[in-house]
Amino acid sequence: MAILEIITYPDPLLAKPCREVTELDEDLARLVRDMGETLYAKSGLGLAAVQVGDDRRVLVYDVSEERDGSEMGVLVNPRIVATEGQVVSENEGCLSVPEYRADVNRYEQVRVEGLDPEGRPVCLDADDLLAIVLQHEIDHLEGVLFIDRISSLKRELYKRRVKKRLKREEEEA
Ligand code: NI
């Protein structure tokens with residue numbers, strides 16, 4: 001197992017729609033194991049494969065208290081098939097958008113269909129935190145970050161901040 005490196009905004013890979021998983025093979029199983037280890041190492045609630053530089057439609061999540069790995073969920077080729085209600089996800093964050101948080105409008109409940117890593121169909125009705133985490137991770141698979149769902153003014157401020165930081169790092173290098 002390995003803790004994988006997380007790519008961050010503005011890496012262009014994060015803005016690209018991911019591709020369907022067609023091979024449920026040992027390579028996919030290894031990716032899922034490494035993503036799980038990375039999820040806990042980075043204290044994330046969810047992680048999409050693209051965040052570790054792999055453009056397959058795979059995500060892992062764990063919103064349990066214990067966070068001991070026993071309740072980690074894995075979804076392959078997930079999609080939202082039904083939604084209900086609206087909620088403000090307060091102070092949402094992302095491992096790929098470091099040092100930034102913002103309120104994001106989300107659905108209150110979602111039904112998600114997909115596959116488990118062995119190819120068995122999964123149907124999940126989620127609410128509360130899990131609903132938000134799943135929407136956030138499925139957004140990643142479409143090349144969408146939570147900063148794409150905030151006001152353009154806030155987004156521009158954030159982008160400017162990142163640009164400044166990158167410039168500063170370049171000058172120091
Ligand atoms: Ni994220």
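In each ligand, atom 1 is the first atom listed, and ligand 1 is the first ligand listed. On a predicted model such as this, the values are computed, not experimentally measured, just so you know.
The salt bridge (charged side-chain N to carboxylate O under 4.0 Å, His left out) pairs that include a residue from residues 131-147 are Arg57-Glu142, Arg106-Asp139, Asp139-Arg149, where partners are two or more places apart or lie in different chains.
With contacts defined as side-chain heavy-atom distances shorter than 4.5 Å, the pair Glu92/Ile132 qualifies.
A 6.0 Å sphere centred on CZ of Arg79 holds no more than 12 heavy atoms belonging to other residues, nucleotides or ligands.
Taking distances strictly below 2.8 Å, the protein N/O/S atoms close to the Ni ion (ligand 1) are Cys94 SG, His136 NE2, His140 NE2.
A donor-acceptor contact closer than 3.5 angstrom links the side chains of Asp62 and Tyr40.
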Distance-only criterion, 3.5 Å: show the donor-acceptor pairs between side-chain atoms of residues 3-18 and protein atoms not counting sequence neighbours.
unit_1 : atom_1 : unit_2 : atom_2 : d
Asp11  : OD1    : Leu13  : N      : 2.9

Pairs under 3.5 angstrom only: tabulate donor-acceptor contacts from the side chains of residues 158-173 to other protein residues two or more places apart or in another chain.
unit_1 : atom_1 : unit_2 : atom_2 : d
Arg161 : NH2    : Glu99  : O      : 2.4

